[in-house]
Amino acid sequence: MFAAVLAVLGAALAGEVRVDVIDVGQGDAILIRTPAQKTILIDAGDRDSNVLAQLAKLGVDHLDLAVATHPHADHVGQMEAVITAFPPKVYVDNGMTHTTQTYEGLMRAVEANTAIGYREGKRGTVFNLDDGAKLEVLLPGDTRFSNTRSDLNSNSVVTRLTHGDDCFLFPGDGEEPTERAMVDMGVEQCDVLKVAHHGSNHSSVSAFLAAIKPSIAVISVGIGNRYGHPGEETMSRLGASGATVYRTDRDGTVSLFSTGKGIRVVTEKAEGEHTALVPVAGMPEAHADTGEKASEPAPSAAAVVIPVDAEACPFPASKKSEVYHEAGCGNANKISASNLVCYPSKEEAEKAAKRSAGCCNP
Ligand SMILES: [Zn+2]
């Protein structure tokens, strides 16, 4: 009986949008599926993560959209493998380049598969999903952050998923400048916050949490990671925000089911004990028992397709030249992230990349 109840809780009901913050250790991989099985992956774990196996376990057989929030390896480590297995209609990143073999391999894969449309994620881009759900890009804006602690982190592609009254915010590894920009933009309250940068103390500033007022905060973080994530200060700020905090290092994969009128949470580990129903914004109490679909705005007949104008966004020549230009360099590792500059050694190139990125943290 208990198992049967959990089975019901662990599957999406009619009309529900399902979001899985997948336990990939230290890194991010977030899966979104709509009632009509539009499937979106935001980030694809670190190089040694088992994202493909996790996607198989979750029953994924295709991707409509893949978003790489930024080029650090704990976010794009398995992205090449994923988009090779499930070529998405559209691949989105923040338009920045990186000097690692992991990133270079990914760019080659995106360019090589002509079925994949490339699109730079910028504020104003909206992907219409089915059932009235949509995924909007909030940042970067027209001008990227520069000279921050980590420009790659700060310029993460920040997306917001809305479904009826329910809202999810996915800030990648955005840091304080990213969060302050959202506050300045007048970012709206949002029910679920995927906590930025694995709970690092450089993110989740109080002014941002006060604006978002999340009911649920999910930290994607590895057990015993070498960065000390999540940070004590961030944990204390999240505690003060009143959000219920879930962590993939303790809870395993965290699955969230949105009816459009409320969200329930099911965690992979410690079944029962950590399985929780978190009411937000007037969730109908009987929903999980009756399977009744909450009343929602009628889906727009036109809102079906994820994109769109992918053909209008070919793989950008700028990225291509930066990644592939080898004349006089001999090795892509010797090309800087910002320009076609050759370095005398791999070490020098890596130092430049770290300077360019602002830090070497993932
Ligand atoms: Zn990261």
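It should be emphasised that the depicted structure is a prediction, and the values quoted were computed from it without experimental measurement. Note that ligands are numbered from 1 as they come in the structure, with each ligand's atoms numbered from 1 the same way. Because only heavy atoms are used, hydrogens play no part in the values below, and waters and symmetry mates are left out as well, while side chains stay in.
For the Zn ion (ligand 1), the nearest N, O or S atom contributed by Asp74 is named OD2. The Zn ion (ligand 1) lies closest to atom OD2 when only the N/O/S atoms of Asp173 are considered.
Using cut-offs of 30° and 60° for the angle between ring planes, the His229 and His198 rings count as parallel.
Distance check for His72 against the Zn ion (ligand 1): none of its N/O/S atoms falls below 2.8 Å. Put simply, Asp28 stays out of reach of the Zn ion (ligand 1), with no N, O or S atom under 2.8 Å from it. The nearest N, O or S atom of His75 is closer to the Zn ion (ligand 1) than 2.8 Å.
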Let's go through Asn153 and Glu175 carefully: what are the C-alpha distance in whole Å and the side-chain angles of both, what is the deciding distance for side-chain hydrogen bond (donor to acceptor under 3.5 Å, both in side chains) to 0.1 Å, and is it a yes or a no?
CA-CA 7 Å; Asn153 282 350; Glu175 299 197 1; 2.9 Å; yes
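Between Ile216 and the choices Ile263, Leu193, Asp191, the side-chain contact (heavy atoms from CB on, under 4.5 Å) rule is met once, by Ile263.
For the residue pair Asp151/Ser146, the side-chain donor-acceptor check at 3.5 Å is not satisfied.
A cation-pi arrangement, defined by a distance under 6.0 Å to the six-membered ring centre and an angle within 45 degrees of its axis, is absent between Arg18 and Phe257.
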